[in-house]
K.L.:
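One structure is given below, represented as structure tokens, and several questions about it will come after.
In this text, all values refer to a predicted model and were calculated from it rather than measured experimentally.
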Amino acid sequence: MSKPEVLVLQHVPWEKPGRIRTYVEECELPVQTLTIAGAKKPDLPDFDEVAGIVVMGGPMGATDFDEYPGLKAETKLIRAAVSVGKPVLGVCLGHQLIATALGAKLKRGEPQIGVAPIKRVESHDYFDMWSKSLPVLNWHADTVTLPDSAQLLARSANTKVEAFRFGSALGLQFHLEVTPQLLEEWLDEPVMVKQLKAAHSSKSQLREAYAEVNGQLSPLAESVFSGFAARCATYAKALSR
């Protein structure tokens, strides 16, 4: 058996794992990144050799199976991972894929792009905000309802489910993974710039707003993503026995 790896499901080139990958690699876990959304029969690694799954964001909808048939395979993989306690982390679209895989409803909405506060609902080791309210980077339109039996961790004025936990899975609607360097890649991507303009914002406005809150986001990102990486490392050891 090869060394257990963390599988990153990426949907577009610019929506990278950023800070997530940094903390996974600090735990000396190999990372495999796949883009399978457009594949009808995607080639996935052996399930028993996957120590954790990261599901990234993207411009498509979580239930756009006709145009992106690989999302159905991602949904099945998420459901299988949660059923055996394998760590799963979803960001934005990934958060929505986890939720819908667990029976939640997807809701289409207006673009929400920019920095805005989320409010803590409950605390959990997977996601432990030290403050009742914290500004985060939002970049989404769709939202989800809370899956049955899931624990709601954070909400915002416009989004009822900003963060939730279900078993071994954690979903984050917002973008803790984004570093200043990754944000610049987003702002160089025509698709993202078009969305930004549609939301009546600009590169300079978003860049300045993010710079003001990055110092607050970094410690939370470290807590969340180092915790996820540690759970993957523990799961990897169990697989290697």
Side-chain angles (χ1 to χ4, degrees), residues 9-12 15 20 37 52-129 132-178 195 198-199 220 224-225 227-228:
L9 297 173
Q10 196 168 312
H11 301 99
V12 286
E15 296 248 14
I20 303 170
I53 300 170
V54 179
V55 192
M56 295 308 305
M60 61 284 290
T63 57
D64 290 348
F65 300 139
D66 290 341
E67 189 174 358
Y68 301 98
L71 294 179
K72 189 169 287 186
E74 293 188 29
T75 299
K76 291 180 179 178
L77 183 61
I78 291 166
R79 199 176 293 126
V82 173
S83 73
V84 298
K86 196 185 297 285
V88 182
L89 173 64
V91 176
C92 201
L93 171 62
H95 159 91
Q96 297 160 13
L97 283 164
I98 294 173
T100 54
L102 298 172
K105 293 181 180 180
L106 184 71
K107 295 187 174 183
R108 306 290 183 176
E110 296 297 321
Q112 298 178 39
I113 301 174
V115 173
I118 58 171
K119 294 183 178 180
R120 183 183 65 223
V121 177
E122 290 189 42
S123 293
H124 193 277
D125 289 345
Y126 283 21
F127 181 77
D128 189 12
M129 286 172 58
K132 181 67 176 177
S133 179
L134 190 70
V136 298
L137 175 62
N138 297 278
W139 200 307
H140 67 275
D142 295 351
T143 59
V144 288
T145 60
L146 186 68
D148 288 344
S149 301
Q151 181 182 12
L152 180 63
L153 301 175
R155 60 178 174 81
S156 66
N158 295 317
T159 303
K160 292 182 179 179
V161 182
E162 286 280 6
F164 76 92
R165 176 187 173 249
F166 184 102
S168 59
L170 174 66
L172 306 175
Q173 181 60 74
F174 46 92
H175 293 277
L176 283 180
E177 83 284 4
V178 172
Q195 292 176 359
L220 180 59
V224 173
F225 299 147
F228 171 75

K.L.:
Looking at Ser156 and Pro117, what are the two nearest heavy atoms and their distance?
P.N.:
CB-O, 3.5 Å
K.L.:
Using distance alone, with no hydrogens and no angle criterion, decide if His140 and Gln195 have a side-chain donor and acceptor under 3.5 Å apart.
P.N.:
no
K.L.:
Can you tell me how far the CG atom of Leu134 sits from the CG atom of Leu220, to the nearest 0.5 Å?
P.N.:
6.0 Å
K.L.:
Rounded to the nearest 0.5 Å, what separation is found between the CG atom of Asp148 and the CG atom of Leu102?
P.N.:
10.0 Å
K.L.:
Specify the closest pair of heavy atoms between Gln151 and Ser123, including all atoms of both residues, with the distance to one decimal.
P.N.:
NE2-O, 3.8 Å
K.L.:
Measure the spacing between OG1 of Thr159 and CD1 of Ile118 and express it to the nearest 0.5 Å.
P.N.:
10.5 Å
K.L.:
Going by salt bridge (charged side-chain N to carboxylate O under 4.0 Å, His left out), name the pairs with one or both residues in residues 52-65, residues two or more places apart or in two chains.
P.N.:
Asp64-Arg108
K.L.:
Check the side chains of Gln112 and Trp139 for a donor-acceptor pair under 3.5 angstrom, ignoring hydrogens and angles.
P.N.:
no
K.L.:
Might you work through the side chain to side chain contact (heavy atoms under 4.5 Å, CB included) test for Leu152 and Leu146, ending with a clear yes or no?
P.N.:
CA-CA 7 Å; Leu152 180 63; Leu146 186 68; 4.0 Å; yes
K.L.:
Rounded to the nearest 0.5 Å, what separates atom OG1 in Thr143 from atom CG in Leu106?
P.N.:
7.0 Å
K.L.:
Could you tell me the separation between the CG atom of Leu170 and the CZ atom of Phe225, rounded to the nearest 0.5 Å?
P.N.:
8.5 Å
K.L.:
Against Arg120, only a single residue in Arg155, Lys132, Glu162 fulfils side chain to side chain contact (heavy atoms under 4.5 Å, CB included); can you say which?
P.N.:
Lys132
K.L.:
Does some side-chain heavy atom of Met60 sit less than 4.5 Å from a side-chain heavy atom of His11?
P.N.:
yes
K.L.:
Quick one: closest heavy-atom pair of Pro135 and Val115, and the distance?
P.N.:
CB-CG1, 3.9 Å
K.L.:
When you compare the side chain of His175 with that of Asn138, does any pair of heavy atoms fall below 4.5 Å?
P.N.:
no
K.L.:
Can you find a heavy atom in the side chain of Val55 that is under 4.5 Å from one in the side chain of Glu74?
P.N.:
yes
K.L.:
Mind checking ring-ring contact (aromatic ring centres under 6.0 Å, His included) for Tyr126 and listing every partner two or more places apart, or none if nothing turns up?
P.N.:
His124
K.L.:
Can I get a per-line list of side-chain donor-acceptor pairs under 3.5 Å for residues 81-101, giving both atom names and the distance, sequence neighbours left out?
P.N.:
from: Ser83; atom 1: OG; to: Ala80; atom 2: O; distance (Å): 2.6
from: Lys86; atom 1: NZ; to: Phe47; atom 2: O; distance (Å): 3.1
from: Lys86; atom 1: NZ; to: Val50; atom 2: O; distance (Å): 2.7
from: His95; atom 1: ND1; to: Gly171; atom 2: O; distance (Å): 3.4
from: His95; atom 1: ND1; to: Leu172; atom 2: N; distance (Å): 3.2
from: His95; atom 1: NE2; to: Val161; atom 2: O; distance (Å): 3.4
from: Gln96; atom 1: NE2; to: Asp142; atom 2: O; distance (Å): 2.9
from: Gln96; atom 1: NE2; to: Gln173; atom 2: OE1; distance (Å): 3.2
from: Thr100; atom 1: OG1; to: Gln96; atom 2: O; distance (Å): 2.9
from: Thr100; atom 1: OG1; to: Leu97; atom 2: O; distance (Å): 3.3

K.L.:
Hey, are the side chains of Leu9 and Val54 touching, using non-hydrogen atoms and a 4.5 Å cut-off?
P.N.:
no
K.L.:
Contact between Glu177 and Met56 at the side-chain level, heavy atoms closer than 4.5 Å - yes or no?
P.N.:
yes
K.L.:
To the nearest 0.5 Å, what is the distance between OG1 (Thr145) and CZ (Phe164)?
P.N.:
9.5 Å
K.L.:
Ignoring hydrogens and geometry beyond distance, is a side-chain donor-acceptor pair present between Glu15 and Gln10 at under 3.5 Å?
P.N.:
no
